[in-house]
Amino acid sequence: MAEADAALRTVAHNVRTARVRAGLSLEELGRRAQVSKGALVALEKAQGNPNLATLVRLADTLGISVSTLMQGPHEGRVRITAADDVAPLWTGELGSEARLMLTTSGPTPVEVWRWRLEPDEEYPSHPHQAGVVETISVTAGVMTLVVDGTEHTLEAGQTATFDGDTAHTYRGSGTETCHLIMTVHLPPGPVTAP
């Protein structure tokens with residue numbers, strides 16, 4: 001429980017810092033990210049329990065990565081992250097999960113995700129900001145990637161890439177658990193949405 005509280009305090013601090021840096025009020029961030037002002041107030045007070053979709057919308061709107069919202073200051077030149085040390089950001093009813101392992105630093109950060117998709121379980125993702133590119137490498141099993149309504153089957157050893165600014169869904173296929181590594185390439189700079 002203490003780890004969850006510490007993680008929530010880190011997210012609260014990082015959301016507020018990014019919001020202030022972007023010059024956005026709570027109302028404006030809420031409008032752009034489609035998150036209620038009340039939820040943002042609670043989050044910035046470390047009292048909320050944001051889900052993955054909310055964190056993605058906030059990160060996209062603020063022009064930063066999801067892991068930037070979740071990570072404290074970096075220590076050292078090399079960061080090593082074990083999957084068991086990272087809590088899932090999404091867990092499906094059938095046991096699927098998504099873990100954000102880390103985000104690279106620099107002007108065009110890259111998020112590295114580890115996913116497990118159980119057969120017939122799916123995660124629908126809303127469109128990301130323009131310039132986001134996702135790459136998926138299946139390491140075991142079979143998945144169906146749905147991009148803009150078109151289904152693509154990916155088997156172990158196959159990799160796909162696509163622009164993430166359209167609706168997309170990840171679905172476990174076949175009879176075995178699908179494991180994949182996903183990278184999310186973020187565009188440089190903060191978002192200047194209307």
Side-chain angles (χ1 to χ4, degrees), residues 1-76 79 81-93 96-115 123-134 164-165 167-168 170 182-194:
M1 191 64 144
E3 288 180 13
D5 290 341
L8 185 56
R9 284 191 303 274
T10 298
V11 170
H13 170 78
N14 291 342
V15 167
R16 185 176 193 295
T17 299
R19 178 180 63 77
V20 170
R21 185 180 314 119
L24 298 174
S25 66
L26 285 166
E27 294 86 2
E28 185 61 17
L29 176 58
R31 183 187 71 76
R32 291 183 185 187
Q34 299 176 354
V35 175
S36 74
K37 180 182 174 186
L40 285 174
V41 168
L43 178 58
E44 286 193 5
K45 290 181 178 180
Q47 298 172 343
N49 186 18
N51 62 28
L52 176 57
T54 298
L55 292 175
V56 169
R57 285 195 307 270
L58 287 171
D60 280 351
T61 302
L62 292 166
I64 59 178
S65 67
V66 173
S67 64
T68 297
L69 290 180
M70 302 183 66
Q71 293 178 349
H74 300 301
E75 296 179 18
R79 289 182 289 153
T81 306
D84 292 343
D85 294 339
V86 179
L89 285 179
W90 170 73
T91 303
E93 292 180 10
S96 298
E97 65 178 27
R99 295 174 190 255
L100 177 56
M101 301 304 295
L102 61 83
T103 300
T104 62
S105 57
T108 55
V110 176
E111 297 176 347
V112 179
W113 292 78
R114 183 180 298 257
W115 284 73
Y123 179 82
S125 179
H126 75 283
H128 302 298
Q129 62 179 295
V132 170
V133 176
E134 293 191 19
D165 61 353
H168 51 284
Y170 324 111
M182 174 194 302
T183 58
V184 180
H185 303 257
L186 304 167
V191 178
T192 55

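This one's a predicted model, so the numbers in the text were calculated from it and none came from an experiment. The analysis underlying the following values was restricted to heavy atoms, covering all of them including side chains, and did not include hydrogens, waters or symmetry mates.
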query: Roughly how far, to the nearest 0.5 Å, is CE of M182 from CG of L100?
result: 10.5 Å
field: E134 side chain to H185 side chain, donor-acceptor N/O pair below 3.5 angstrom
entry: no
task: Flag yes if more than 12 heavy atoms outside H126 fall under 6.0 Å of its NE2 atom; otherwise flag no.
output: yes
query: So how far is it from S25 OG to R31 CZ, rounded to the nearest 0.5 Å?
result: 9.5 Å
query: Hey, does L24 have a side-chain heavy atom less than 4.5 Å from the side chain of L62?
result: yes
- request: Looking only at non-hydrogen atoms, find the nearest pair between P127 and A167 and report the distance.
  value: CG-N, 3.6 Å
- prompt: Do T54 side-chain atoms and P50 backbone N/O form a donor-acceptor pair below 3.5 Å?
  reply: no
field: Modelled atom types, side-chain donor and acceptor of D60 and H128, under 3.5 Å
entry: yes
task: Taking R16 for its side chain and E44 for its backbone only, find out whether a donor-acceptor pair lies under 3.5 Å.
output: no
message: Would you say that W113 contacts T183 through its side chain, given a criterion of any heavy-atom pair below 4.5 Å between the two side chains?
response: no
- prompt: Is there a donor-acceptor contact under 3.5 Å from the side chain of R114 to the main chain of R99?
  reply: no
- prompt: Just wondering, more than 12 heavy atoms not from E93 lying within 6.0 Å of its CD?
  reply: no
statement: Rounded to the nearest 0.5 angstrom, the OH-CG distance for Y123 and L89 is 9.0 Å
- prompt: Quick check: are there more than 12 heavy atoms from other residues, nucleotides or ligands sitting under 6.0 Å from CD of Q47?
  reply: yes
- request: May I ask you to decide if L186's main-chain N or O and T108's side chain share a donor-acceptor pair within less than 3.5 Å?
  value: no
- prompt: Rounded to the nearest 0.5 Å, how far does OG of S96 lie from OH of Y170?
  reply: 13.0 Å
field: Beyond-backbone contact of L26 with V41, side-chain heavy atoms, under 4.5 angstrom
entry: yes
- prompt: Roughly how far, to the nearest 0.5 Å, is the CG atom of L58 from the CZ atom of R32?
  reply: 12.5 Å
- request: Go through the steps for T61 and L29 under the test side-chain contact (heavy atoms from CB on, under 4.5 Å), then give the verdict.
  value: CA-CA 7 Å; T61 302; L29 176 58; 3.7 Å; yes
message: I need the minimum non-hydrogen distance between P187 and Q129, along with the two atoms involved.
response: CG-OE1, 3.4 Å
